Amino acid sequence: MKEVITSSPLFGTGLTILAYWIGMKVSQKLKKTIFNPYLIAVVLVLAVLAVFHIPYSSYAEGGDFIGMFLTPVTTILALSIYRQRETVKSHFIPILTGTIVGSIVSVITIVLLAEAMGITEELKYSLVPKSVTTPIAVAISDSLGGIRSLTVTALIITGVMGNILAPLLVKLFRVRSRIATGVAIGTASHVIGTSKALEMGEDIGAMSGIALSFSGIITAIFVSIFF
Amino acid sequence: MEILSELIIIIALSLAGNAIAAALPFAFPPAIISLFILLVLLATKVVKEEKMSRVSPFMLKYMAIFFIPSGVEIIEYTDLLASSWIHILIISIISLLITFFATAKAVEITERIMRRKSS
């Protein structure tokens, strides 16, 4: 009976959507960074698989179907960049320099730390794109030969830490410009950090949102030249 | 009808990205090529923004769903995670701090230079 249900790709697809729906409901109630809908959904799916002894391969039948839309979703990011064009125009040069410097510094720091710690090449490549927005990070990880799920893990750690630490880092590093604050949050901690940037001010949030798209694209270009 | 043509554009661009990436002499993420093409098409108004207003906003809104399988896949790498979680944590946090600092200062220095030039 269980196999009849779990062997269909609809099982993994449905479970993923249901888990995200529950995740959204829970995060609306709890309103804490750590309880973001994505994280809740992943934990829920893992819990269902463990409790009902469902092999990962059964889930992956539907999971792979959903994962197939990674490229289309990344393509559509163009629309969200295009919609922000007016804000981009007003501060184009500072945003561009900030995201170029930040993206390059991020990749080089990760590579140097990876070399210093002597971790495997596979893990290093998984971590390289971890500062950028998920669709682009996964795409870069794939092209380098990294492991998607490790990229996502590091990316969530970075995002959640960035979200929590952002106000403190602004004080610690004596950042006075609101544009610099927004660009730094978006470049260093992508969309999870951006939700804190929005709380700090609409202008800071807008800068953070643009910076995360810019840094994603710049990181993709830099990585393809660098490696 | 509009939904169908929007879907066709998205799928065609995704496939074009794959084809172009395969033809490139270096490794580059196919999805970023598709993104570039769509951005150019929007900027040149070959594809109108309204054309991408049925499926795309929905997919952007629920984008996180598409990454859930990648997150769940961690179950296949529990050994690797157990042996290297501390490295992942340290690298994530240190690079976050350095990237934040470098980005913020780069923007502030640029703003200062621009202000000096314009005054």
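Bear in mind that the values here come from a model prediction, so they are computed numbers and not experimental data.
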Looking at [options], which has the largest count of heavy-atom pairs under 4.5 Å with chain B?
options                       : answer
A:V152, A:N36, A:L79          : A:L79
A:G193, A:P94, A:G63          : A:P94
A:A139, A:G186, A:A41, A:A184 : A:A184
A:I100, A:V183, A:I66, A:T109 : A:I66
A:L49, A:I110, A:I95          : A:I110
A:T75, A:V73, A:I104          : A:T75

In terms of relative ring orientation, are B:Y62 and A:Y20 parallel, tilted or perpendicular, with 30° and 60° separating the classes?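 The rings of B:Y62 and A:Y20 stand perpendicular, inter-plane angle above 60°.
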Engaged part of [X] at the chain A interface, taking heavy atoms whose separation is under 4.5 Å:
X      : value
B:L80  : side chain
B:I91  : both
B:E111 : side chain
B:L42  : both
B:F100 : both

Residue selection (most heavy-atom pairs with chain A, distance under 4.5 Å) from [options]:
options                     : value
B:I68, B:I113, B:L38, B:L39 : B:I68
B:I75, B:L60, B:N18, B:I33  : B:L60
B:P57, B:S34, B:S84         : B:S34
B:V55, B:L97, B:V40         : B:L97
B:F36, B:W85, B:F101        : B:F101
B:M52, B:H87, B:M114        : B:H87

Region of [X] in contact with chain B, defined by heavy-atom distances below 4.5 Å:
X      : result
A:M68  : neither
A:L123 : side chain
A:I140 : both
A:V191 : neither

If we ignore hydrogens and angles and just use 3.5 Å, is the side chain of A:Y38 paired with the main-chain N or O of B:F67 as donor and acceptor?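 Yes, because the side chain of A:Y38 sits within donor-acceptor range (under 3.5 Å) of the backbone of B:F67.
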At their closest point, which heavy atom of [X] faces which heavy atom of [Y], and how far apart are they?
X      : Y      : value
A:A180 : B:V107 : CA-CG1, 3.6 Å
A:S143 : B:F28  : CB-C, 4.3 Å
A:I76  : B:S56  : CG2-CB, 3.3 Å
B:A106 : A:G98  : CB-CA, 4.1 Å
B:T99  : A:G102 : CG2-O, 3.4 Å

Using a 6.0 Å cut-off, check whether atom [atom1] of [X] has over 12 heavy atoms from anything other than its own residue.
X      : atom1 : answer
A:F226 : CZ    : yes
A:F65  : CZ    : no
A:R176 : CZ    : no

Any side-chain donor near an acceptor of the partner, B:E108 and A:S177, under 3.5 Å: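 Distance-only check fails for B:E108 and A:S177.
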Within this structure, what is the [atom1]-[atom2] distance for the pair [X] and [Y], rounded to the nearest 0.5 Å?
X      : Y      : atom1 : atom2 : answer
A:R174 : B:K105 : CZ    : NZ    : 8.5 Å
A:Y59  : B:E73  : OH    : CD    : 10.0 Å
B:S92  : A:L127 : OG    : CG    : 6.0 Å
A:T74  : B:I32  : OG1   : CD1   : 6.0 Å
A:L46  : B:I74  : CG    : CD1   : 9.0 Å
A:T13  : B:I65  : OG1   : CD1   : 11.0 Å

Chain B neighbours within [range], where any heavy atom lies under 4.5 Å away:
range                       : result
residues 155-165 of chain A : A:I157, A:T158, A:M161, A:G162, A:L165
residues 210-223 of chain A : A:I217, A:A220, A:I221
residues 130-137 of chain A : A:K130, A:T134, A:P135, A:I136

Kindly list each side-chain donor-acceptor pair under 3.5 angstrom involving residues 7-15 of chain B, sequence neighbours excluded, with atom names and distances?
unit_1 : atom_1 : unit_2 : atom_2 : d
B:S14  : OG     : B:I10  : O      : 2.8

List the steps and the verdict of side chain to side chain contact (heavy atoms under 4.5 Å, CB included) for B:T110 and A:I93. CA-CA 8 Å; B:T110 312; A:I93 301 291; 3.8 Å; yes
Should A:L113 and B:I94 count as side-chain neighbours, where that means a heavy-atom distance under 4.5 Å?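 Touching, per the 4.5 Å side-chain cut-off.
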Checking A:T16 against B:F66 for the side chain to side chain contact (heavy atoms under 4.5 Å, CB included) test, could you report, in this order, the C-alpha distance in whole Å, the side-chain angles of both residues, the deciding distance, and whether it holds? CA-CA 9 Å; A:T16 306; B:F66 301 103; over 6 Å; no
Run A:L70 and B:S70 through side chain to side chain contact (heavy atoms under 4.5 Å, CB included) and show every step you take. CA-CA 10 Å; A:L70 282 173; B:S70 304; 4.2 Å; yes
